[in-house]
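Since the structure comes first, as structure tokens, the remarks are kept for the end.
Chain letters run A, B, ... following the sequence lines, proteins first, then strands; residues in each count from 1.
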2 protein chains.
Amino acid sequence: MDMADTRQRLIDGAIQTIRQHGITGTSARTIANTAGVNQALVFYHFGSVHELLEVACLAATEARVAPFLARVDAVTSLRQLLDLGRQLHAEERSLGNVMVLAQMLAGSQADPKLAKATSAALHLWIGPIEQALNRLLADSPLATLVDTAGLARAVCAGFIGLELFEGVDPTGAHAALDALDRLASLVEVIDDLGPVARRALRGKLRKSPA
Amino acid sequence: MDMADTRQRLIDGAIQTIRQHGITGTSARTIANTAGVNQALVFYHFGSVHELLEVACLAATEARVAPFLARVDAVTSLRQLLDLGRQLHAEERSLGNVMVLAQMLAGSQADPKLAKATSAALHLWIGPIEQALNRLLADSPLATLVDTAGLARAVCAGFIGLELFEGVDPTGAHAALDALDRLASLVEVIDDLGPVARRALRGKLRKSPA
DNA sequence: GTCTATAGCATGATAGAC
DNA sequence: GTCTATCATGCTATAGAC
């Protein structure tokens, strides 16, 4: 039953521990405890706590991104993409990959090795989002204005920040998400503009951006 | 010279320690070390490490927000507000209040007492930003669309997320900031719309938002 | 592969000399 | 108010029995 799946239990335990106790409350002992295995096995299977965290963060993110891929491919409009984003955010409250990434990011600021792993995990989200934006904005008046690579990263960073903020002010975070949603609907409208308005807008834009 | 300013040295030491070693590397001993004082004084002056962190976070944020107030009051357009935001972001790289808030937020997720203090500190930023947005959008076509309270919170959360992201991918964070800036210039253009386009836009918006 | 036991060090916090 | 000394506990990591 649990020959080489002790490894998996440790990975799952690491993720659950980060979610429940944050990066500050995560140690070989707390992980092993929630995983229901012996503490020494962390070092036998992964060498160190840090390495377990790196593996766990990547594995958990992969598992969470995989089902997301099909859903994002089915999206055919900006509005649908926004809706998918809100669905995702709601699901994250229970499944919590974003919080894991946030805690890992906090721990990464003083540790280059963690930073590398966390960056890799983040890019598992960034890639598909960027692709979707490229597809949806391909023949939009916004295509020349927005940099989809940068926007995808901004979206991910925003999710991280919102998740952390939600921990200390849930109603405030909800208001923030609503505000962004309404602002995004503005972009959506512009995306749907007719050719005349489109040209007018482009003229206006030409003199304003940096 | 340093009678009751040992207190201040500990506060400064706490902030500097969080910035250099993150929340995971912050302890009574590391703080006292960078402050150049004895470790026991943390508990004499503040009772516990957590209480020192709460005081320090609030004090550092107050000190950083104070000079910001005059600058945000001088702003007279959305473009200027965006520019101020970018200036602020550049300054934060060296002064680092946003990183302190990010690390405190990470630590707050499993600690309600820290959460309360961090939330209070965050609102020192949120308040003035919300005020500025209210003032600048007062008679804009966007006034009915955007919720300034929510938007102010979204902006703060976004800064937090970007700062964390910058730690693991500096060039990616730069691209993200640029993308947001360009997107914001779109909002700026709409803010400057004439009455005809304004009415057309309002009609389009009426059927689209949730 | 998994366990116990333990080394060696860092931690929060306190007691008591000065 | 500040110091030294100390306690109890938690931590990473390893050695060695099974």
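- Below 30°, between 30° and 60°, or above 60°: for A/His123 and B/Phe165 the angle between ring planes is between 30° and 60°, a tilted geometry.
- Here the P atom of nucleotide D/dT14 and the CZ atom of A/Phe46 are 16 Å apart, to the nearest Å.
- Listed by chain and residue number, A/Gln16 satisfy the side-chain contact (heavy atoms from CB on, under 4.5 Å) test with A/Gln20 (two or more places apart in sequence, or in another chain).
- Side-chain atoms of A/Thr61 come within 3.5 Å of backbone N or O of A/Cys57 as a donor-acceptor pair.
- Two end axes, each from the C1' atoms of five base pairs, can be drawn for the helix from C/dG1-D/dC18 to C/dC18-D/dG1; they diverge by 10°, to 10 degrees.
- Under the 4.5 Å side-chain criterion, counting only non-hydrogen atoms from C-beta, B/Arg19 is not in contact with B/Gln103.
- Between the B/Glu130 side chain and the B/Ala152 main chain, no donor and acceptor come within less than 3.5 Å of each other.
- Inspection of the B/Thr24 and A/Thr24 side chains reveals no N or O donor paired with an N or O acceptor under 3.5 Å.
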| field | Sequence-aligned protein contact record of nucleotides 4-18 of chain C, with B where the base is within under 4.0 Å of a protein heavy atom and S where only the sugar-phosphate is | value | B------BBBB----
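- Remark: P of D/dA15 and CG of A/Leu41 are 16 Å apart, rounded to the nearest angstrom.
- We find that CG of A/Leu10 is positioned 10 Å from P of C/dC3, with the value rounded to whole Å.
- Side chains of B/Asp12 and B/Gln8: a donor-acceptor N/O pair is present below 3.5 angstrom, by distance only.
- Checked against the 6.0 Å centroid criterion, the rings of B/Phe68 and B/Trp125 qualify as a close aromatic pair.
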